[in-house]
Amino acid sequence: MLYVVATPIGNLGDISQRALEVLKNCDVIAAEDTRHTQKLLMHFGIKKPLISYYEHNKTVRGPVLIEKLVNGENIALVSDAGTPGISDPGADLIKAATDAGLEVSMIPGPVAGITALVLSGLPTDKFVFEGFIGTDNKKKQEFADMIVSETRTVIIYEAPHRLVKTLEFLANYIGERKVAVCRELTKSHEEILRGTVASHIAHFSENEPRGEFVLVIEGADKKTLNEETVPTTAEDIFNKFNEIAESDKASGIRRKKNDIIKDVAAYFNLPKNKVYDMYEEVNQQTQGGL
Ligand code: SAM
């Protein structure tokens, strides 16, 4: 049997009774980082063989673990923190086990994204989990296209060294929407900063981001999205277009004019062709040497 075991995201007191029982009684523990998990096991006085299973060995190690499961061994799968399978390589082993018709059981526990969502104070009835936006330009663009009009609360993970860049990237698409920056959850330096992207950028330009972060972003306002009420001028359109084009450039994204028009249209909730015409109105004047 494969036991998917959630472990704490920072506070060791969050380990469950069942998690400890499974870790004590399984045959082997598959861990993302064996040294990291060893510390957890030592804290709870558990001695067990560990096998590493992480991003760069998962294709080789996966079949070895599946064979063990087929032979009747009990494997506990843990990640560095939180729930295996959520933004970590655990998902592949779980898929391989289910594909092979093997039994999988879950010992639920902490997830950073859900902890942040609940603490954010933003709507929890409908939400989207996006994990890490990453640095791939195409994926970033897909994310940008999505977030402009996404009405559900959006959860993303981010590394401290990329936090400000990501906030600057978001600034182009979410305007004044609320964002909760959740830092070091369940740890002694836990901090939830609630504000707008602009206020967070100001804060983190004076306070270097340290620790682990989850961002929880308010969804776009359905009412505003459905109404064509924004009193937008051609200059607003032209300026927003240039703002996004500049941000794309800074992030190394190269896009066609029409893709940016699409974002501007979603941002102001106006039809694309209308936005295109308004953009061209100012663009041609500008190019005409005004
Ligand atoms: N499997 C984990 C889970 O259940 O949430 C997530 C693993 S992912 C590789 C690691 C990311 O989760 C971190 O970069 C950070 O964005 C987020 N994270 C994990 N622990 C956190 C914590 N204590 N506070 C804030 N964010 C955390």
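All ligand and atom numbering here is 1-based and tracks the order in the structure.
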Next item on the list: Sequence neighbours left out, what passes side-chain hydrogen bond (donor to acceptor under 3.5 Å, both in side chains) with R152? Give chain and number order.
Entry: E150
Margin query: Among residues at least two apart in sequence or on other chains, which ones pass side-chain hydrogen bond (donor to acceptor under 3.5 Å, both in side chains) with K68?
Written below: none
Note to self: Taking atom CD as the centre, does E168 end up with more than 12 heavy-atom neighbours from other residues, nucleotides or ligands that are less than 6.0 angstrom away?
What the structure shows: yes
Notebook entry, point to check: Is any NZ, NE, NH1 or NH2 atom of the basic residue among E212 and K187 found under 4.0 Å from an Asp or Glu carboxylate oxygen of the other?
Noted result: yes
Go ahead and list the nitrogen or oxygen contacts between ligand 1 and the protein that come in under 3.5 Å, distances to 0.1 Å, or just say none.
residue: ligand 1; atom: 1 (N); partner: A81; partner atom: O; Å: 3.2
residue: ligand 1; atom: 1 (N); partner: T83; partner atom: O; Å: 3.0
residue: ligand 1; atom: 1 (N); partner: I86; partner atom: O; Å: 2.9
residue: ligand 1; atom: 1 (N); partner: D88; partner atom: OD2; Å: 3.1
residue: ligand 1; atom: 4 (O); partner: T83; partner atom: N; Å: 2.8
residue: ligand 1; atom: 5 (O); partner: A112; partner atom: N; Å: 2.9
residue: ligand 1; atom: 5 (O); partner: Y157; partner atom: OH; Å: 2.6
residue: ligand 1; atom: 16 (O); partner: F213; partner atom: O; Å: 2.6
residue: ligand 1; atom: 20 (N); partner: E212; partner atom: OE1; Å: 3.3
residue: ligand 1; atom: 23 (N); partner: I9; partner atom: O; Å: 2.8
residue: ligand 1; atom: 23 (N); partner: L185; partner atom: N; Å: 3.4
residue: ligand 1; atom: 23 (N); partner: L185; partner atom: O; Å: 3.0
residue: ligand 1; atom: 24 (N); partner: L185; partner atom: N; Å: 2.8

Next item on the list: Sort and list the pairs that fulfil ring pair (Phe, Tyr, Trp, His ring centres under 6.0 Å) and have at least one residue in residues 49-103, not counting sequence neighbours.
Entry: none
Margin query: Using 0.5 Å steps for rounding, measure from the CD1 atom of I46 to the CD1 atom of I29.
Written below: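 One gets 6.5 Å once the value is rounded to the nearest 0.5 Å.
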